[in-house]
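Computed over heavy atoms, backbone and side chain alike; hydrogens, waters and symmetry mates excluded. Please read these numbers as outputs of a predicted model, since none were measured by experiment.
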Amino acid sequence: RSLLEKDYQALVESLCASRACIAAENRNRLQDLTDYYTLWAHQIKTPISAMHLLLQEGGRPEEVKGELIKIEQYVEMVLSYLRLDSDSTDYVLRPCSLDTIVRRSVRRFAGLFVLKQIALEFQETNKTVLTDEKWLLFVVGQVISNALKYTPRGGTVRIYGDGDTLVIADNGIGIREEDQPRVFEKGFTGNNGREDQKATGIGLYLCRQVMDRLNHHITLVSRPGQ
């Protein structure tokens with residue numbers, strides 16, 4: 001009935017639209033979490049079942065340890081997924097030795113290197129980076145884990161510096177050209193993921209998100225079979 005009432009009406013409508021948007025975002029976030037937890041629960045059953053079977057059949061300790069490493073990684077991944085967008089997540093940036101971060105990650109997967117008989121070639125980079133050590137360690141670990149997962153027994157993983165880039169290379173099954181632009185998308189598994197039913201499409205997505213927040217970059221180069 002008046003300009004003042006019209007302004008109030010516009011303000012109320014704006015608040016209602018904003019509230020509806022927030023509610024939709026919360027619903028989407030809850031659905032994302034539900035979908036991921038469902039996938040994660042099925043995923044983590046595989047190494048648990050493998051451990052039960054190994055223990056029943058008197059499997060070698062290193063085989064049991066290999067499955068335990070996978071469980072630990074799945075737990076770390078879901079915690080990182082929850083912390084990534086949390087308001088309480090703090091990034092502590094300081095100069096860190098890149099070689100120290102790589103060594104810590106390699107030591108964690110030492111059992112899998114031995115179990116799959118995969119050789120490691122590590123050339124020190126002698127680089128110091130301004131980063132959050134915990135989060136960069138998570139990213140390096142994810143990439144090394146993928147290299148181990150998709151490299152056949154007797155293969156090789158090479159880690160070396162190329163200018164300002166840390167290269168983690170393997171001679172595994174490779175990734176099809178049409179899949180490569182989407183490997184960092186959430187939930188995308190590609191042809192390899194369809195063949196490996198345990199893939200979730202979350203690991204490399206988290207890597208990209210973390211690297212963006214740290215102002216680092218992550219890229220992928222691959223050819224099938226190489």
> So which heavy atom on Leu204 is nearest to which on Phe184, and how close?
Replying inline: O-CD2, 3.3 Å
>> Within the supplied structure, the quantity of interest is the number of heavy atoms (other residues, nucleotides, ligands) at a distance under 6.0 Å from Asn26 CG; does it exceed 12?
In response: yes
> Should Tyr81 and Ile202 count as side-chain neighbours, where that means a heavy-atom distance under 4.5 Å?
Replying inline: yes
> Under 6.0 Å from the CD atom of Glu177, do we count more than 12 heavy atoms belonging to anything else shown?
Replying inline: no
> Short question: side chain of Glu63, backbone of Arg60 - any donor-acceptor pair under 3.5 Å?
Replying inline: yes
> Is it true that the side chains of Arg213 and Gln209 contain a donor and an acceptor less than 3.5 Å apart?
Replying inline: yes
> Looking only at heavy atoms, which two atoms of Tyr74 and Pro47 are closest? And how far apart?
Replying inline: CE1-CG, 3.8 Å
> Got a salt bridge between Lys186 and Asp32, using NZ or NE/NH1/NH2 to carboxylate O under 4.0 Å?
Replying inline: yes
> If you round to the nearest 0.5 Å, how far is OG of Ser145 from CD1 of Ile69?
Replying inline: 9.5 Å
>> One pair to check against side-chain contact (heavy atoms from CB on, under 4.5 Å): Thr131 and His216. What are the steps and the verdict?
In response: CA-CA 9 Å; Thr131 191; His216 301 330; 2.9 Å; yes
>> Using a 3.5 Å distance criterion without hydrogens, assess whether the side chain of Ser14 forms a donor-acceptor pair with backbone atoms of Ala10.
In response: no
> Which heavy atom of Lys127 sits nearest a heavy atom of Gly163, and at what distance?
Replying inline: CE-O, 3.2 Å
> Can you check whether Val140 reaches Leu98 side chain to side chain, under 4.5 Å on heavy atoms?
Replying inline: no
> Closest heavy-atom contact between Gly172 and Pro152?
Replying inline: CA-CD, 3.9 Å
>> Before you tell me yes or no, could you show the steps for Tyr150 and Ile175 under side-chain contact (heavy atoms from CB on, under 4.5 Å), namely the whole-Å CA-CA distance, both residues' side-chain angles and the distance that decides it to 0.1 Å?
In response: CA-CA 10 Å; Tyr150 293 108; Ile175 299 172; over 6 Å; no
>> So does Asn126 get a backbone contact from the side chain of Asp99, meaning a donor-acceptor N/O pair under 3.5 Å?
In response: yes
> Atom NE2 in His52, atom NZ in Lys45: separation rounded to 0.5 Å?
Replying inline: 11.5 Å
>> I'd like to check Met51 versus Ser49 (side-chain heavy atoms, cut-off strictly below 4.5 Å). Are they in contact?
In response: no
> Can you tell me if Trp135 uses its side chain to pair, donor with acceptor, with the backbone of Tyr91 under 3.5 Å?
Replying inline: no
>> Test your reading of the model: is there a side-chain donor-acceptor pair from Glu76 to the backbone of Glu72, 3.5 Å cut-off?
In response: no
> Would you say Glu133's side chain and Ile101's backbone share a donor-acceptor pair under 3.5 angstrom?
Replying inline: no
> Considering residues, nucleotides and ligands other than Lys65, do more than 12 of their heavy atoms fall under 6.0 Å from its NZ?
Replying inline: no
> Is the closest side-chain heavy-atom distance between Leu82 and Leu33 below 4.5 Å?
Replying inline: yes
> Under 3.5 Å, is there a donor-acceptor pair between the side chain of Thr165 and the main chain of Val167?
Replying inline: no
> Is there a path from Val129 to Leu93 through hydrophobic residues (I, L, V, M, F, W, Y) whose side chains come within less than 4.5 Å of each other?
Replying inline: yes
> Counting heavy atoms not belonging to Asp164, are there more than 12 under 6.0 Å from its CG?
Replying inline: no
> Which distance, rounded to the nearest 0.5 Å, do you find between the CG of Leu206 and the OG of Ser80?
Replying inline: 6.5 Å
>> Under a 3.5 Å distance rule, please check whether Lys116 uses its side chain to pair with a backbone N or O of Thr151 as donor and acceptor.
In response: yes
> CG of Asp162 to OG1 of Thr125: how many Å apart, nearest 0.5 Å?
Replying inline: 11.5 Å
> Can you check whether Val157's main-chain N or O pairs, donor with acceptor, with Asp170's side chain at less than 3.5 Å?
Replying inline: no
> So if you build clusters from Ile, Leu, Val, Met, Phe, Trp, Tyr with side-chain heavy-atom gaps below 4.5 Å, do Leu214 and Ile168 land together?
Replying inline: yes
> Any side-chain heavy-atom pair from Asn215 and Leu130 closer than 4.5 angstrom?
Replying inline: no
>> With rounding to the nearest 0.5 angstrom, report the CZ to NE2 distance, Arg208 to His217.
In response: 10.0 Å
> So, Gln31 versus Asp35: side-chain donor-acceptor pair below 3.5 Å or not?
Replying inline: yes
> Can you name the nearest heavy-atom pair linking Gly66 to Leu115, along with the distance?
Replying inline: CA-CD2, 4.5 Å
>> For Arg104, is the CZ atom crowded, meaning more than 12 foreign heavy atoms sit under 6.0 Å from it?
In response: no
> Heavy-atom distance under 4.5 Å between the side chains of Thr156 and Ile118, does that happen here?
Replying inline: no
> How far apart are the closest heavy atoms of Ile218 and Cys207, and which atoms are they?
Replying inline: CD1-CB, 4.0 Å
>> Is the shortest side-chain heavy-atom distance between Gln73 and Arg108 below 4.5 Å?
In response: yes
> In terms of hydrophobic clusters joined by side-chain contacts under 4.5 Å, are Ile44 and Tyr37 together?
Replying inline: yes
> So if you build clusters from Ile, Leu, Val, Met, Phe, Trp, Tyr with side-chain heavy-atom gaps below 4.5 Å, do Leu137 and Met211 land together?
Replying inline: yes
> Could you go step by step and tell me if Phe138 and Asp132 meet the side-chain contact (heavy atoms from CB on, under 4.5 Å) rule?
Replying inline: CA-CA 10 Å; Phe138 169 79; Asp132 182 296; over 6 Å; no
>> Working to the nearest 0.5 angstrom, can you tell me the gap between Thr38 OG1 and Gln43 CD?
In response: 12.5 Å
>> Please tell me whether Phe122 and Leu148 are part of a single hydrophobic cluster in this structure, the criterion being side-chain heavy atoms less than 4.5 Å apart.
In response: yes
> Ignoring hydrogens and geometry, is there a side-chain-to-backbone donor-acceptor pair from Gln180 to Ser222 under 3.5 Å?
Replying inline: yes
>> Is any side-chain heavy atom of Trp40 closer than 4.5 Å to one of Val75?
In response: yes
>> Take a 6.0 Å sphere around CG of Leu15 and say whether it holds more than 12 heavy atoms from other residues, nucleotides or ligands.
In response: yes
